[in-house]
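Both ligands and their constituent atoms are indexed starting at 1 by order of listing. Keep in mind that this is a model prediction, so the values were computed, not measured.
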Amino acid sequence: MENKKEMRKWLEDFNLNHPLVIAGPCSAETEDQVLKIAHELKDSKVSVFRAGIWKPRTRPGGFEGVGEIGLKWLQKAKKETGLLMGTEVATAAHCKLALEHDIDVLWVGARTTANPFAVQEIADTLKGTDKIVLVKNPVNPDLALWLGGVERLYMAGIEKLGVIHRGFSTYEKTKYRNIPEWQIAIELQNKFPDLPLIIDPSHITGDRKMIFEVTQEALDLNYDGMIIETHYDPDNAWSDAAQQVTPDALKKIIKDLTIRKTDDTTDEYSSKMTKLRANIDVLDANLLELLGKRMKVADEIGQVKKDANVAILQNNRWNEILGKMILEGEKKGLTEEFVLRMFKAIHQESIGHQEKIFNA
Ligand code: PEP
Ligand code: MN
C-alpha cells in the first residue's frame, strides 16, 4: 500500500470543518436512547453518530449489543437528524446487515484487527464498497498488524479508509485503560501521511475526566478527528459507563480544544523556526559524535574484559549508572522514563559492540 491520496478524499468531502467528530453512545440500548442522543448531537460539530450494535465483551455475561434491530434505530436517527451513521462490524454477517441498512461508516474493532482471518472476511464481504471503513488499532502494540488490516481492505477496492487510535492493552495498571503508545501513531503518520487518523480518547482513558487532555494531545500531533462516546446518562450506560460524556460535556470539550494548523507560511514563523532548527541540527550532530566516542570507549572496555575473560554484562555497574543518570536527568528536566529508555538503548548498543570484540 503506497501513499494514496484517495484515502484522504472522503475526509475532505464529508468533513467540511476540521477536525472530524464522531460521537454517540458506546452501545445502542433502546430506540429512544439512540434518537434522544442523536437529536442532542444534531446541531453541533458532530458529523457522524456512533453506536455499537454488536459488542465484543471481554467476559461472557456482559451486554453484547441489541443486534440487527439497532440498525433500524440508526436508520431512523439518520432520517430525523441527517447525521451519518457508524457502527462496529466484526463478521461477514455484520457487514452484510450494515450494508443492507445503509450504514455510512463501518469500523473494525481492536479485537478484530488483531485477527487477520477476521479482517480478511470483512474485506471480502465489503469488497468495493464506497462506505467509509475505519480500522481500530489491534489490542497489542503492533503497527504492522494495524497496517495489515488497512491493506486487506485497500486490496478489496475500498478507498475511503482511515484508522482509529484507541490505545493498547497492558497487564500493568496505568492511569489509562489502554496505553496510547503515541510513537506508534506517529510512525504510522510518517509512513502514511494521507491515511486519516482519528483519536478514540474514550477507550484510551476509560475515564471521562481525561478525555479532553488526550484529545488535545492528539490534535497537537496532527490527528484528523476524534470518536468520543457520548450518552445523556453516562453513569447508567449499559457499557463503558465511566468513560462516556454527556452531549453538553462533549460540546464543551470541542469548544475548548485548540485546533492546530498543519503549518504556518508566514516569514516571522519560518525565520524563527529556521534558527531554532539549525540549533537542533547542531545539537543532534553533537549527540551522534558523543555516542560514537562513547562506543569507542565501550570497545576498549570490551577488549580489557576479553583479555581478562570477564563476562560482558556487569549488572552492578549498570544499575549504578542508571540510578545516577536518572537523578542527573531529572535536574535537566528529563523524565525518568526517557532516561531509562535512552540508556537501555545505549547499553544494548555497547553490549553489541563488545560481543563483536569477544567474537573477533
Ligand atoms: C467501541 O468502540 O465501543 C469498542 C468496542 O472499541 P474497541 O474495539 O476499541 O475496544
Ligand atoms: Mn465502548
Asks: Does any donor atom in the side chain of His231 or Asp240 lie under 3.5 Å from an acceptor atom in the other side chain?
Replies: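 The criterion, which ignores hydrogens and geometry beyond distance, is not satisfied for Asp240 and His231.
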Asks: Any donor-acceptor pair under 3.5 Å linking the side chain of Glu29 with the backbone of Ala237?
Replies: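 Side chain of Glu29 to backbone of Ala237, a donor-acceptor pair under 3.5 Å: no, none is there.
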Asks: Check the pair Ile199 / Leu221 against side-chain contact (heavy atoms from CB on, under 4.5 Å), numbers first and verdict last.
Replies: CA-CA 10 Å; Ile199 187 77; Leu221 293 173; over 6 Å; no
Asks: Could you check atom 4 (C) of ligand 1 against the protein and tell me its nearest heavy-atom contact, residue, atom and distance included?
Replies: His203 NE2, 3.5 Å
Asks: For Gln183 and Glu181, does a side-chain donor sit closer than 3.5 Å to a side-chain acceptor?
Replies: yes
Asks: Using a distance-only test with no angle check, is there a side-chain donor-acceptor pair under 3.5 angstrom linking Gln303 and Asp299?
Replies: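 Judged by distance alone, the side chains do not pair up.
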Asks: Go through the steps for Val139 and Arg166 under the test side-chain contact (heavy atoms from CB on, under 4.5 Å), then give the verdict.
Replies: CA-CA 9 Å; Val139 282; Arg166 55 77 82 190; 4.0 Å; yes
Asks: Counting only nitrogen or oxygen atoms and a 3.5 angstrom limit, does Glu229 reach ligand 1?
Replies: yes
Asks: Return the residue, atom name and 0.1 Å-rounded distance of the protein heavy atom closest to atom 9 (O) of ligand 1.
Replies: Arg166 NE, 2.6 Å
Asks: Counting from 1, what ligand 1 atoms have a heavy atom of Gly109 closer than 4.0 Å?
Replies: 8 (O)
Asks: Among all protein heavy atoms, pick out the one at the shortest distance from atom 8 (O) of ligand 1; state its residue, atom name and that distance to 0.1 Å.
Replies: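 Going by distance alone, atom 8 (O) of ligand 1 is nearest to Ala110 N, 2.8 Å.
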Asks: Which residue supplies the protein heavy atom nearest to atom 3 (O) of ligand 1, what is that atom called, and how far is it?
Replies: Lys55 NZ, 2.8 Å
Asks: What is the name of the N/O/S atom of Glu229 that is nearest to the Mn ion (ligand 2)?
Replies: OE2
Asks: Report, in ascending order of atom number, the atoms of ligand 1 lying under 4.0 Å from any heavy atom of Arg50.
Replies: 1 (C), 2 (O), 3 (O)
Asks: Relative to the ring of Tyr223, is the ring of His165 parallel (under 30°), tilted (30 to 60°) or perpendicular (over 60°)?
Replies: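 Answer is tilted, since the angle falls between 30° and 60°.
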Asks: Determine whether a donor-acceptor pair (N or O, by modelled atom type, separation under 3.5 Å) exists between the side chain of Gln244 and the backbone of Cys26.
Replies: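 Looks like yes, one N/O pair under 3.5 Å.
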Asks: Among protein heavy atoms, which sits nearest to atom 5 (C) of ligand 1, and what does the distance come to when rounded to 0.1 Å?
Replies: Glu88 OE1, 3.5 Å
Asks: With heavy atoms of Arg111 as the reference, note each atom of ligand 1 found under 4.0 Å away.
Replies: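 Answer, ordered by atom number: 7 (P), 8 (O), 10 (O).
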Asks: Looking only at protein heavy atoms, identify the closest one to atom 6 (O) of ligand 1 and say how far it is in Å.
Replies: Lys136 NZ, 2.8 Å
Asks: How wide is the angle at the Mn ion (ligand 2) between SG of Cys26 and OD2 of Asp240, to the nearest 10°?
Replies: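 Approximately 100° at the metal, rounded to tens of degrees.
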